[in-house]
Student: 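Quick one: the structure is below, questions incoming.
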Amino acid sequence: GVVVCDNLVELGTEAFAQSGISLFSAPVLTSLENNVFIDCTDLVSASMPSLTVLSLGTFKNCTSLKNLEAPLLTEIKANALRNTAISRFIGLNVESVGNYAFAGFISITSFDIPNQIVKIGNSAFGGCENLSSVRIPNSVISIGSEAFVFFVHKDNNINSLTTEQIKAIYSGEITNWKEVGGKDEKIVAFQRNEGSGSQSMLVRFMDGKPIMKAPSEQVNDLMSGIIE
């Protein structure tokens, strides 16, 4: 159903949770408690032009949500947009991104992090399997754990690597898996093309340590070239 609330200014916890609404509009809404629309799988579009904060779990698991109008947002809290179908998001006024805020954005392909953001929470982009472009401004000084994930082939017996070991691999100091407890096999360290979101994150992760030049066959334009 369609819900239009012209005079609504506040919504309580789980106000529309698991409901069958498909469109929501509240032009003067300024306050949300937690999980207001959680599990509203039929919700396609939401308009809240006066809202400044998306609370915990606001649209979590709203798997059909493609359109969100909230131009005044300054804060997106944990799980607020987790597992939605939004394909592009430009948060011009957002200053803070919480843990898992955008996790599970299945359709999103690009993300423009606003210039004023300084901190991104843990796993903020976890599970965004089609995300191929991220613009990270110089204002960002902290990115939470698992916002950027390294992985190995499923047949590799290495279960974990330290930050220093990963840096040594990508700088070319470590070249064989046996040096980190694995098999006596050459390490093939894939990279993304220069200017991509993933490669920009790798440069930041290396924290000034030079990245070795990868052979052309180890540089992929898209994540699909690395993950099958």
Side-chain angles (χ1 to χ4, degrees), residues 1-128 131 134-137 139-144 147:
V2 176
V3 177
V4 179
C5 306
D6 289 335
N7 299 313
L8 185 68
V9 295
E10 182 178 357
L11 277 174
T13 301
E14 298 187 5
F16 289 96
Q18 300 179 354
S19 69
I21 64 171
S22 59
L23 185 149
F24 179 83
S25 176
V28 296
L29 180 69
T30 56
S31 178
L32 292 178
E33 293 191 14
N34 298 339
N35 300 320
V36 170
F37 299 99
I38 191 170
D39 296 327
C40 289
T41 55
D42 294 328
L43 183 62
V44 174
S45 179
S47 175
M48 299 175 289
S50 300
L51 191 69
T52 58
V53 178
L54 275 187
S55 298
L56 297 172
T58 299
F59 293 107
K60 183 180 179 182
N61 298 333
C62 293
T63 52
S64 299
L65 182 64
K66 295 182 178 180
N67 303 303
L68 173 61
E69 181 191 359
L72 299 183
L73 283 182
T74 59
E75 183 175 8
I76 299 172
K77 293 191 174 181
N79 293 306
L81 292 166
R82 186 171 185 173
N83 295 331
T84 64
I86 294 174
S87 60
R88 183 169 176 81
F89 185 90
I90 302 178
L92 297 179
N93 298 298
V94 176
E95 300 169 354
S96 175
V97 174
N99 299 339
Y100 300 95
F102 301 103
F105 259 38
I106 298 172
S107 301
I108 197 166
T109 58
S110 63
F111 196 93
D112 192 357
I113 297 176
N115 291 324
Q116 61 272 23
I117 284 185
V118 296
K119 185 177 181 179
I120 298 172
N122 297 337
S123 296
F125 299 100
C128 297
L131 182 62
V134 180
R135 188 189 72 83
I136 305 173
S139 61
V140 175
I141 60 174
S142 175
I143 297 176

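As the structure is a computational prediction, the values presented were derived from the model and not from experiment.
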Student: At what distance, to the nearest 0.5 angstrom, does OG1 of Thr74 lie from CD1 of Ile117?
Tutor: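 Result: 10.0 Å between the selected atoms.
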Student: For residues Glu69 and Ser47, report the shortest heavy-atom separation together with the two atoms involved.
Tutor: OE1-OG, 2.6 Å
Student: Return the set of residues passing side chain to side chain donor-acceptor pair (under 3.5 Å) with Asn99 (not counting sequence neighbours), or none when no residue passes.
Tutor: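 Partners of Asn99 under the side chain to side chain donor-acceptor pair (under 3.5 Å) test: none.
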Student: Using every non-hydrogen atom in the two residues, find where Ala26 and Pro49 come nearest and quote the distance to one decimal.
Tutor: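 Closest approach of Ala26 to Pro49: O-CD, 3.9 Å.
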Student: Could you check whether any side-chain N or O of Ser64 sits under 3.5 Å from a backbone N or O of Leu43, counting only pairs where one atom can act as donor and the other as acceptor?
Tutor: no
Student: Out of curiosity, Glu14 CD to Ser19 OG, how far, rounded to the nearest 0.5 Å?
Tutor: 11.5 Å
Student: Kindly give the heavy-atom pair with the smallest separation between Ser55 and Ala80, and that separation in Å.
Tutor: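 Closest pair (atom of Ser55, atom of Ala80, distance): O-CB, 3.6 Å.
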Student: Restricting to non-hydrogen atoms, name the atom on Cys40 and the atom on Gln18 that form the minimum distance, rounded to 0.1 Å.
Tutor: SG-N, 3.8 Å
Student: At what distance, to the nearest 0.5 angstrom, does CG of Asn35 lie from CD of Glu33?
Tutor: 10.5 Å
Student: Can you check whether Leu29 reaches Ser50 side chain to side chain, under 4.5 Å on heavy atoms?
Tutor: no
Student: What pairs of residues pass the ring-ring contact (aromatic ring centres under 6.0 Å, His included) test when at least one of them lies in residues 19-43, not counting sequence neighbours?
Tutor: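 Sorted pair list: Phe16-Phe24, Phe16-Phe37, Phe24-Phe37, Phe37-Phe59.
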Student: So how far is it from Asp42 CG to Leu23 CG, rounded to the nearest 0.5 Å?
Tutor: 12.0 Å
Student: For Val53 versus Leu73, what's the shortest heavy-atom pair and its separation?
Tutor: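 Between these two residues, the closest heavy atoms are N-CD2, 3.8 Å.
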Student: First locate atom OG1 of Thr30, then atom CG of Leu72, and finally report the distance between them rounded to the nearest 0.5 Å.
Tutor: 11.0 Å
Student: If we only count heavy atoms from C-beta on, is the Ser31 to Val9 side-chain gap below 4.5 Å?
Tutor: no
Student: Heavy atoms, side chains only, cut-off 4.5 Å: are Met48 and Leu54 in contact?
Tutor: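 A side-chain contact exists here, since the closest heavy-atom pair is under 4.5 Å.
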Student: Does Thr52 have any side chain to side chain donor-acceptor pair (under 3.5 Å) partners at least two apart in sequence or in another chain, and if so, which?
Tutor: none
Student: Roughly how far, to the nearest 0.5 Å, is the CG atom of Leu32 from the CG atom of Leu51?
Tutor: 4.5 Å
Student: Is there a donor-acceptor contact under 3.5 Å from the side chain of Thr84 to the main chain of Leu65?
Tutor: no
